**Q** 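Below you will find the structure I want to go over with you.
Note that ligands are numbered from 1 as they come in the structure, with each ligand's atoms numbered from 1 the same way. Here the structure is a predicted model, which means the values were calculated and not measured.
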Amino acid sequence: MEVPCPTKRPWIRPLTPVRGVEFFQGTLDSTDEIESARVFDTTLRDGEQSPRTSFSYEDKREIAAVLDEMGTHVIEAGFPVNSDAEFEAVRDIAENTATTTCGLARVVDKDIEAALDSGVEMVHVFSSTSDVQIEDSMHATREEVVERSVAAVERVKDAGAICMYSPMDATRTDEDYLIEVIEEVTEAGTDWINIPDTCGVATPRRFYDLIRTVVDHTDANVDVHTHDDFGLATANALSGIEAGAKQAQVSVNSIGERAGNAAYEEFVMAIESVYQVDTGIDTTRITELSQLVEEKSGIDVPGNKPVVGENAFSHESGIHAAGVIENSDTFEPGVMTPEMVGAHRKLVLGKHTGNHSVRERLEDAGFAPTDEEVRALTRQVKDRGAEKERVTMEMLKEFAREQGIKRTEEVRA
Ligand SMILES: CC(=O)SCCNC(=O)CCNC(=O)[C@H](O)C(C)(C)COP(=O)(O)OP(=O)(O)OC[C@H]1O[C@@H](n2cnc3c(N)ncnc32)[C@H](O)[C@@H]1OP(=O)(O)O
Ligand SMILES: CC(C)C(=O)C(=O)O
């Protein structure tokens, strides 16, 4: 059994923006500097596109309510033209949340009308711009894409909504053509341009260069949407922010198409803790949010998932546990604590356990072992762990009783 392990020196690092200031051994150099980062959550749209996942009306409402209470800057509630149920859920979220809500639409009139009718403040229109998608998904030409994109942006703006435009598959699009599209939709008045790495092929450096180029060719705000096909989604999103994007699209537990999107929890905590920039989001509800999405999506969170996985703040190895008992900064990032994300630190007993960890657990349980007794129990714990057994606290107490280890009160008497 894993047991809560408050460190002897618990603390939450104050969220003071630190730019170019040394912390630990590292220095944030000038290329890492960012002023702010907004969070666009797409759990209820791209997240729901995870194969075999579907949120009910109630699921969507519950997840949206938590995202809203946490201070998420935009909630993409869904794709209203998809179905009556989807339309109703998006309408309900738009009506009942304080934050900006967004609905997705192709550059198709009925999609845009459905999004506008749902009452969202922002309509996110998208059109393929890579040749492979223009030809084999949209069955159109480059010229038609420009025309339909401009018309879509104008329709959204005429209706008085905030417009976000996405050149879908931007990272596999001819750059000159991409810039042409961006300049045309900027001229048409889009408020935001989102650069999607639709098939997850970007690398942090290439994405950085692309976003810098985009920022240089538009007055609109730039946003990024990255996929995790090569495990680079969060790194690419951060790279986009370093290059001048103001916002990133993320999903809780990184759920989404194929391997998913940049993870909400990873992105927010990296911005808060590594870049030391306050997002304004209540990070202490991240664990609760992750568990809610895990339950409603039916997609299990792996133990080793950053920030929200069961092991993210658990320690079994003797050297690590001994350090953490003394000071959690020894073997945790230091700039991110479990308290910051509403989680608990745990000491786990097993094959890799050392004497310090066993002593700590025994003393917590009211025993006063000698050094020799601790060593004997550690050997027992290691042997059981090596047999792949999960060593629980109950088992440890049983070992202690079998060994006749004295209780603290007996020693004091
Ligand atoms: C990268 C992304 O995540 S994009 C978002 C993807 N999300 C989804 O597809 C989830 C929701 N989708 C749906 O409910 C349905 O696909 C709908 C309602 C949008 C469309 O359904 P259908 O009319 O049955 O079409 P279907 O899904 O089979 O095919 C897609 C159609 O959209 C067209 N299309 C694809 N992208 C775009 C675009 N950006 N703008 C305009 N049309 C587009 C395709 O050319 C195809 O058109 P066609 O039917 O004339 O050949
Ligand atoms: C709709 C767009 C932004 C998308 O989801 C993608 O390109 O992955």
Side-chain angles (χ1 to χ4, degrees), residues 40-55 60 74 76-90 102-115 118 122-142 144-153 155-156 163-173 178 181-182 185 190 192-202 207 210 214 222-230 232-233 236-237 240 245 247-251 254-262:
F40 177 115
D41 181 83
T42 186
T43 308
L44 302 177
R45 200 279 295 171
D46 205 320
E48 198 195 22
Q49 289 174 208
S50 303
R52 296 173 283 281
T53 294
S54 153
F55 293 126
K60 282 207 169 203
V74 183
E76 189 167 47
F79 196 163
V81 82
N82 163 268
S83 60
D84 291 345
E86 178 79 345
F87 177 87
E88 278 309 316
V90 175
C102 178
L104 187 68
R106 293 171 297 178
V107 289
V108 168
D109 291 344
K110 67 173 177 183
D111 290 31
I112 298 170
E113 296 313 317
S118 72
M122 179 189 279
V123 178
H124 176 186
V125 288
F126 69 99
S127 173
S128 300
T129 51
S130 65
D131 289 329
V132 62
Q133 286 198 359
I134 292 176
E135 284 162 28
D136 294 338
S137 170
M138 279 186 67
H139 315 113
T141 63
R142 285 187 178 192
E144 282 164 353
V145 162
V146 173
E147 248 170 63
R148 293 176 72 178
S149 298
V150 166
V153 170
R155 174 67 193 112
V156 175
C163 185
M164 172 175 280
Y165 175 81
S166 284
M168 183 159 64
D169 208 10
T171 47
R172 298 192 305 175
T173 297
L178 180 67
V181 174
I182 284 169
V185 294
T190 192
W192 286 88
I193 290 178
N194 169 50
I195 300 299
D197 179 28
T198 305
C199 296
V201 296
F207 202 56
L210 179 64
V214 170
V222 175
D223 168 285
V224 292
H225 175 108
T226 52
H227 276 280
D228 216 19
D229 299 70
F230 293 97
L232 293 170
N236 286 332
Q247 183 168 274
Q249 303 198 354
V250 294
S251 66
S254 68
I255 64 171
E257 285 284 352
R258 308 181 307 282
N261 291 78

**Q** Is there side-chain contact between L178 and I182, with at least one heavy-atom pair below 4.5 Å?
**A** yes
**Q** Just to verify, what does R142 make a salt bridge (charged side-chain N to carboxylate O under 4.0 Å, His left out) with, not counting sequence neighbours?
**A** D131, D174
**Q** Could you check whether any side-chain N or O of T129 sits under 3.5 Å from a backbone N or O of M168, counting only pairs where one atom can act as donor and the other as acceptor?
**A** yes
**Q** So, does S128 use its side chain to make a donor-acceptor pair with the main chain of S130 at under 3.5 Å?
**A** no
**Q** Under a 3.5 Å cutoff, is there a donor and acceptor pairing between the side chains of T43 and S251?
**A** no
**Q** Using atom types as modelled and distance alone, determine if a side-chain donor or acceptor of T190 lies under 3.5 Å from a backbone N or O of I193.
**A** no
**Q** Using a strict cut-off of less than 4.0 Å between a Lys/Arg side-chain nitrogen and an Asp/Glu carboxylate oxygen, indicate whether R258 and D229 qualify as a salt bridge.
**A** yes
**Q** Between T226 and D197, do the side chains contain an N or O donor and an N or O acceptor separated by less than 3.5 Å?
**A** no
**Q** Which N/O atoms of ligand 2 sit under 3.5 Å from a protein N/O, and at what distances?
**A**
from     : atom 1 : to   : atom 2 : distance (Å)
ligand 2 : 5 (O)  : R45  : NH1    : 3.3
ligand 2 : 5 (O)  : R45  : NH2    : 2.9
ligand 2 : 5 (O)  : D46  : OD2    : 3.2
ligand 2 : 5 (O)  : H225 : NE2    : 3.2
ligand 2 : 7 (O)  : T198 : OG1    : 2.6
ligand 2 : 8 (O)  : H225 : NE2    : 3.1
ligand 2 : 8 (O)  : H227 : NE2    : 3.0

**Q** A89: which residues meet the side-chain contact (heavy atoms from CB on, under 4.5 Å) condition with it, sequence neighbours left out?
**A** Y57, K60
**Q** Near ligand 1, which protein residues have a heavy atom under 4.0 Å away?
**A** R45, Q49, F79, N82, L104, R106, V107, V108, F126, S127, S137, M138, H139, R148, M168, T198
